[in-house]
Amino acid sequence: MNANRELMGFRGASAALGALAAAVVLQFSAGAVGAAQEGEDIRASAAEGSRTVLITGSNRGIGLAFAEHYAGDANWRVIATCRRPEQAGELKALAAQNEHLEIALLDVTREDHIRSLAERYADQPIDLLINNAAILGPLPEQSLGGLDYGRFEQTMAVNVYGPLRLSEALAENVAAVGGKIVAITSGLASLTLMGRMQGLYFYRMSKSALNMGWRALRADLKPRGVAVLLVSPGQVDTGLLRESGYRGEALTTRESVAGMVEIIAAATLDDPGLPINVDGRVLPW
Ligand SMILES: NC(=O)c1ccc[n+]([C@@H]2O[C@H](COP(=O)([O-])OP(=O)(O)OC[C@H]3O[C@@H](n4cnc5c(N)ncnc54)[C@H](OP(=O)(O)O)[C@@H]3O)[C@@H](O)[C@H]2O)c1
């Protein structure tokens, strides 16, 4: 699956990370006025106590690195969700060292889990919601001739319905503090970067659908002061990337999260809401 390298688009992202700060500044300079306003909002929120981030799929990979990053900053309260807390060894170890990190049960395909989570945190502000959890799915089942539509449904349930349902359920919590709702997208969603790559129908289609869903969500929530963002992590050394068969250069989870955190922090309500790669570039659609 070396073709994945071509599909995922942005090669050598680690080299580009050095220029990330400058790129992000350029990318978002048009939103400077909004950023000042947002800074005031954040200060207001911080003055009342710590800011809260809720992350899905926090037990491993990029989600765990997000949890580690925010847990390392005393200004953040971290709600680290995962679908099997009892088996989340690394996350439990992190929680044991950080009293401002709590673990919550969430399988994003489970409506009852989302309802319970929304009830548990009802009336509590959420400054940042990171929809990170996703599946790639087995390659043979999403290759022409072997397309498994049950697997397609499962991929859509995790990668599209889950983030949308969760964000709808927690929209009030985020709107209460003029916060941000992020979805982690992928270069594999891009029509432009398609090249000669074959297969991965379900994963690619799910991320394209996620992108469009996030545009619609942005239109609904911008008037309520919620910034709705799409961020792509680059090629990152995780189980998901290894499942894809990709064996080339990749960022560590920590490198990727450091870049995405900068992008998320700099984002404002007035940004156009296009998918931003970890190196600060807009991913072509
Ligand atoms: N790695 C890359 O190169 C890359 C590139 C582009 C985009 N992305 C995106 O980055 C995000 C994180 O991916 P990753 O590379 O960190 O993948 P990963 O290592 O495979 O981790 C995926 C996470 O999602 C969780 N998850 C799966 N199904 C779930 C469900 N039904 N409910 C809740 N959680 C569920 C997993 O939990 P379990 O342990 O319980 O399975 C795990 O915590 C994804 O949105 C992915 O599409 C990754």
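Each ligand, and each atom within it, is numbered from 1 in the order the structure gives. Keep in mind the model is a prediction, meaning the values are calculated, not measured.
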### Message
Give the atom numbers and elements of ligand 1 that come within less than 4.0 Å of a heavy atom of N59.
### Response
37 (O), 38 (P), 39 (O), 40 (O), 42 (C), 43 (O)

### Query
What residue pairs, at least two apart or across chains, pass salt bridge (charged side-chain N to carboxylate O under 4.0 Å, His left out) with a residue in residues 81-106?
R77-E102

#### Entry: More than 12 heavy atoms of other groups within 6.0 Å of D123 CG
no

### Query
Does L64 approach ligand 1 within less than 4.0 angstrom via side chain, backbone, both or neither, non-hydrogen atoms only?
neither

### Message
With a heavy-atom distance limit of 4.0 Å, tell me whether P233 approaches ligand 1 through its side chain, its backbone, both, or neither.
### Response
side chain

### Region of T185 that comes within reach of ligand 1 [heavy atoms, distance under 4.0 Å]
backbone

### Query
So is there a nitrogen or oxygen of A133 less than 3.5 Å from a nitrogen or oxygen in ligand 1?
no

#### Entry: N or O contact, G57 vs ligand 1, cut-off under 3.5 Å
yes

### Query
Which is closest to atom 9 (C) of ligand 1 by heavy-atom distance: L105, I184, V278, V108?
I184

## Note on the structure
For S186, the atoms of ligand 1 under 4.0 Å from one of its heavy atoms are 6 (C), 7 (C)

### Message
Does any N or O of ligand 1 fall below 3.5 Å from an N or O anywhere on S232, backbone included?
### Response
no

### Query
Does atom CZ of R254 have more than 12 heavy-atom neighbours, drawn from other residues, nucleotides or ligands, at distances under 6.0 Å?
no

### Task
Starting at CZ of R151, measure out to CD of Q142 and round the result to the nearest 0.5 Å.
9.0 Å

## Note on the structure
Per-atom filter on ligand 1: closer than 4.0 angstrom to a heavy atom of N132 are 11 (C), 12 (C), 44 (C), 45 (O)

### Task
Select one of side chain, backbone, both or neither to describe which atoms of Y203 lie under 4.0 Å from any atom of ligand 1, heavy atoms only.
side chain

### Task
Would you check whether T238 has a nitrogen or oxygen atom less than 3.5 angstrom from a nitrogen or oxygen atom of ligand 1?
yes

### Task
Find the distance between CG (L117) and CZ (R110) and round it off to the nearest 0.5 Å.
13.0 Å

### Message
So, applying side chain to side chain contact (heavy atoms under 4.5 Å, CB included) with I184, which one of P233, S256, P275 is it?
### Response
P233

### Task
Measure the CG-CD distance between L94 and E68 for me, rounded to the nearest 0.5 Å.
5.5 Å

### Query
For ligand 1, is there an N or O atom under 3.5 Å from any N or O atom of D107?
yes

### Query
Any idea which part of V158 is under 4.0 Å from ligand 1, heavy-atom wise: side chain, backbone, both or neither?
side chain

### Heteroatom proximity flag, R83 to ligand 1, N/O under 3.5 Å
yes

### Query
What orientation do Y149 and F202 show, parallel under 30°, tilted 30 to 60°, or perpendicular over 60°?
tilted

#### Entry: Under-4.0 Å heavy-atom contact with ligand 1, by part of R84 that carries it
side chain

### Task
Could you tell me which atoms of ligand 1, counted from 1 in the order shown, lie closer than 4.0 angstrom to a heavy atom of T109?
31 (N)

### Query
Against heavy atoms of Q235, which atoms of ligand 1 measure under 4.0 Å?
3 (O)

### ligand 1 to L241 polar contact by distance, N or O atoms, under 3.5 Å
no

### Query
Atoms of ligand 1 less than 4.0 Å from G239 heavy atoms?
19 (O)

## Note on the structure
Output for pair (L217 CG, W214 CH2), nearest 0.5 Å, gives 5.5 Å

### Query
About how many Å separate CZ of F66 and OG1 of T56, when rounded to the nearest 0.5 Å?
10.0 Å

## Note on the structure
When rounded to the nearest 0.5 Å, the distance separating CG of N131 from CG of L210 is 8.0 Å

### Message
If you count every heavy atom of other residues, nucleotides or ligands that lies below 6.0 Å from Q124 atom CD, does the total exceed 12?
### Response
yes

### Query
Does ligand 1 have an atom under 4.0 Å from some heavy atom of K207?
yes

### Task
Mark up the atoms of ligand 1 that fall under 4.0 Å of a heavy atom belonging to G234, in ascending order.
2 (C), 3 (O), 4 (C), 5 (C), 6 (C)

### Message
Checking side-chain polar atoms at under 3.5 Å, does E111 have a donor or acceptor matched by the opposite partner on Y161?
### Response
no

### Task
Give the atoms of ligand 1, by number and element, whose distance to some non-hydrogen atom of L106 is under 4.0 Å.
32 (N), 33 (C)

### Query
Should the heavy atoms of other residues, nucleotides or ligands under 6.0 Å from CE of M205 be counted, would the total exceed 12?
no

